Amino acid sequence: MTFGPRSMAFALALSSGWSLIPMPTSVTHQRHMAFMSGGRRDTALMSVVPQKDEVSFPFNTGQISKSPIHADEETPAHNIHVGGGRSSREISNELSLGVTLDGGPVVDFASVKDSTSRAERALAVARKKHEASVDGSSVENRNSGGRLMGINDEVVAEVGYEIGTFVDEYVDEASGEDANALVQKCASYLRSKAGMGTFPQSWKGGNGDTEFTKEETSRFDRLLARAYEESGIVTSAFAKTFYLGTQVLPEPAMKAIWAIYVWCRRTDEIVDAPRPEAQDPNTEMLTDLSVWEIRLERLFDRGDVVDVLDLPLLDCKVKFPKLPMTPFSDMIRGMLMDIPGLGQERYDTWDELHLYCYRVAGTVGLMSMPVFGCAPGYTDEMAKEPALSLGVAFQITNILRDVGEDAVKRGRVYLPQRDMDKFGVTQQQIFEQIVDENYINLMKYEIARARMYYARALRGVPMLRPESRLPVQLSCDAYGKILDKIEENQYDSLTKRAYVGKWEKLAGIPASWYRTLDLAKIMPLPEDWGKPSLDEYEKQLELILEKSWDDQSRK
């Protein structure tokens, strides 16, 4: 279950209210120590209910785990494979590479790639095989039936027509031009608009001395506008709340966010789409991911494109040259974590799940930062932690909403095993869809954690340019009601799906707008009175755990 397509809604659960506290004026980094030597956590060695002094709260930044290490653990435990293909050694290596941003528990895993992991090596092997099989200067589109990569039956069915075929309407057949030639000419035209250094491996933005007639540039502009329009249609079809939030952005930013969404959507479909005709689906999936990463690198380094839906992202890079490639590459690592046999189907600790949440959701916050822009007095570095918190909070919400669906339909349990053990919830119980007091208490704990991350994320709203604040606040408020709906369903996310209707989202727009004003800090809305602060949410987590320990000690 990934963030990109399923819930890039920028719309999450937030009852957390008004902890819009400015970030520190400087942000420093320190090594994340939870999984350094002496602090490793292995599933096979966990007791069912940890002792009180064996658990580190998720909000104690950089705190080393106090779980006991057994003398006979060193060699065999490193190689235990956790719910799929990732060994405990691989997990520990990646977690030890993360950094903690000053001021909170948000861990930044940007560019963390464990070259010794089986998944990373498998991707590298697939890439080498592909590069050896084609001309080194080209990247093939592997989708059958002429469809663009990442566009499959599910996408076409949801949108209602074939994606990307509109390009044929703009081809100049009289000159012998085909669709591919047109796309490449349009890409050259877009590169000609780029500033020096936008594409580090291209001279003069990759266009050289090529000149275009007015008729050609007019045709290119119309083609690009149509590609953006189709990107918006795909976004609307799969992420209605997110799309609603983009409608209040200035047009260039709105279109750029659509372009980012469609890239994420296609990335996710490469992994999630069924492959009934493939002899070896996982091998084909790895090859497609490696091709997708090559395409990504060439677009950011040289301004190269393959198909018509690459054009909006290229234009986005031209207009927002600070758009980084790293979070896009990191999202591909998140897709690797979902590949059977190489990925991870169970998560022992919150730290492990947090890495997944960063890759498939926190990355989206980093992709969006250059588009949203910072208000005077703030920098991207200062806004980074709230942006990461926003994505992570979104993904937690998705996981809590879809516990039953993920178990029954996908055989996956994303809830951390440590958390389940603390509250006496078993995997069998989840697969059998049994909602009892233990499960309710677990949900209360996870919802409190989600709201803590929302509170952290909302500190970033004042850091954004004024025109970018409403879509973020609106999406948070609208989609944010999901946590409320889980509570209204008596915490049953095993047999019921929390759902927020369209009109309920629309009705909240005026309140979301008011919350972006400075006046709201002084005169909050009545429904926001008394809502917990960030510190109070952290205290709630601690109190819930205290109660769990007390309840279990009496049994």
Side-chain angles (χ1 to χ4, degrees), residues 2-4 8 10 22-36 39 56-65 90-115 117 120 260 264 322-337 344 347 349-372 374 378-396 416 449-450 452-460 463-464 472 534 538:
T2 60
F3 175 74
M8 212 172 116
F10 270 119
M23 285 287 289
T25 54
S26 63
V27 179
T28 59
H29 294 72
Q30 62 185 25
R31 281 286 159 194
H32 179 56
M33 299 297 295
F35 281 78
M36 297 301 279
S56 58
F57 295 118
F59 44 83
N60 288 341
T61 305
Q63 182 173 340
I64 298 177
S65 167
E90 293 169 1
I91 294 168
S92 297
N93 285 346
E94 289 192 324
L95 289 173
S96 68
L97 295 173
V99 295
T100 303
L101 300 181
D102 185 33
V106 178
V107 180
D108 178 9
F109 290 100
S111 294
V112 169
K113 298 178 184 177
D114 179 11
S115 60
S117 76
E120 197 67 46
I260 291 170
C264 294
K322 290 185 178 180
L323 184 72
M325 184 177 71
T326 296
F328 293 84
S329 179
D330 287 345
M331 179 173 279
I332 291 176
R333 264 76 213 160
M335 300 303 108
L336 276 177
M337 293 177 73
Q344 192 169 347
Y347 294 86
T349 66
W350 163 244
D351 287 327
E352 293 180 15
L353 183 60
H354 187 278
L355 171 59
Y356 178 74
C357 289
Y358 161 75
R359 284 176 167 167
V360 301
T363 50
V364 182
L366 299 186
M367 294 174 193
S368 305
M369 280 175 56
V371 178
F372 287 137
C374 289
Y378 294 101
T379 65
D380 287 350
E381 192 65 21
M382 296 166 68
K384 188 174 186 179
E385 184 180 13
L388 287 170
S389 293
L390 186 66
V392 171
F394 288 179
Q395 189 61 17
I396 301 172
R449 171 185 276 151
M452 180 189 74
Y453 273 93
Y454 293 138
R456 302 193 68 82
L458 279 188
R459 297 184 306 171
M463 301 180 192
L464 300 174
V472 175
L534 176 59
E538 293 178 348

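Keep in mind that the numbers below use all heavy atoms, side chains included, and drop hydrogens, waters and symmetry copies. These figures come from a predicted structure and were not determined experimentally. Positions are given from 1, in the same order as the sequence printed here.
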Checklist outcome for this item: Output for pair (I396 CD1, M452 CE), nearest 0.5 Å, gives 7.5 Å
Item to check | Distance in Å, M335 CE paired with D330 CG, rounded so as to fall on 0.5 Å steps | outcome: 11.0 Å
Item to check | For S389 against A457, the heavy-atom pair lying closest together | outcome: CB-N, 3.9 Å
Checklist entry - With a 4.5 Å heavy-atom cut-off, do V364 and M331 have their side chains touching? => result yes
Checklist entry - Rounded to the nearest 0.5 Å, what separation is found between the CZ atom of F109 and the CG atom of L388? => result 10.5 Å
Next on the checklist: Measuring from atom CG of N93 to atom CD of E120, what distance do you get when rounded to the nearest 0.5 angstrom?
Outcome noted: 12.5 Å
Item to check | Worked verdict on M369 versus K322 for side chain to side chain contact (heavy atoms under 4.5 Å, CB included) | outcome: CA-CA 9 Å; M369 280 175 56; K322 290 185 178 180; over 6 Å; no
Next on the checklist: If you compare all heavy atoms of Q395 against all heavy atoms of C357, which two are closest, and at what distance to 0.1 Å?
Outcome noted: CG-SG, 3.7 Å
Checklist outcome for this item: Of all heavy-atom pairs linking P416 and T349, the shortest is CB-C, 3.7 Å
Checklist outcome for this item: M367 and C264 have their tightest heavy-atom pair at SD-SG, 3.7 Å
Checklist entry - Taking it one step at a time, do Y358 and D108 satisfy side chain to side chain contact (heavy atoms under 4.5 Å, CB included)? => result CA-CA 7 Å; Y358 161 75; D108 178 9; 4.1 Å; yes
Next on the checklist: Nearest 0.5 angstrom please: D351 CG to L355 CG, how far?
Outcome noted: 9.5 Å
Checklist entry - Where do M337 and Y347 land on the side chain to side chain contact (heavy atoms under 4.5 Å, CB included) test, with the steps shown first? => result CA-CA 11 Å; M337 293 177 73; Y347 294 86; 4.0 Å; yes
Next on the checklist: Using 0.5 Å steps for rounding, measure from the CD atom of E352 to the CD1 atom of I91.
Outcome noted: 4.5 Å
Checklist entry - Please walk me through it: do C374 and M382 pass side chain to side chain contact (heavy atoms under 4.5 Å, CB included)? => result CA-CA 9 Å; C374 289; M382 296 166 68; over 6 Å; no
Checklist entry - Who pairs with S329 by side chain to side chain donor-acceptor pair (under 3.5 Å), at least two apart in sequence or on another chain? => result K113, E293, R333
Checklist entry - S111: what forms a side-chain contact (heavy atoms from CB on, under 4.5 Å) with it, not counting sequence neighbours? => result T326
Checklist entry - Can you name the nearest heavy-atom pair linking A383 to P386, along with the distance? => result O-CD, 3.2 Å
Checklist entry - With sequence neighbours left out, which residue pairs that include part of residues 354-366 fulfil the salt bridge (charged side-chain N to carboxylate O under 4.0 Å, His left out) condition? => result E94-R359
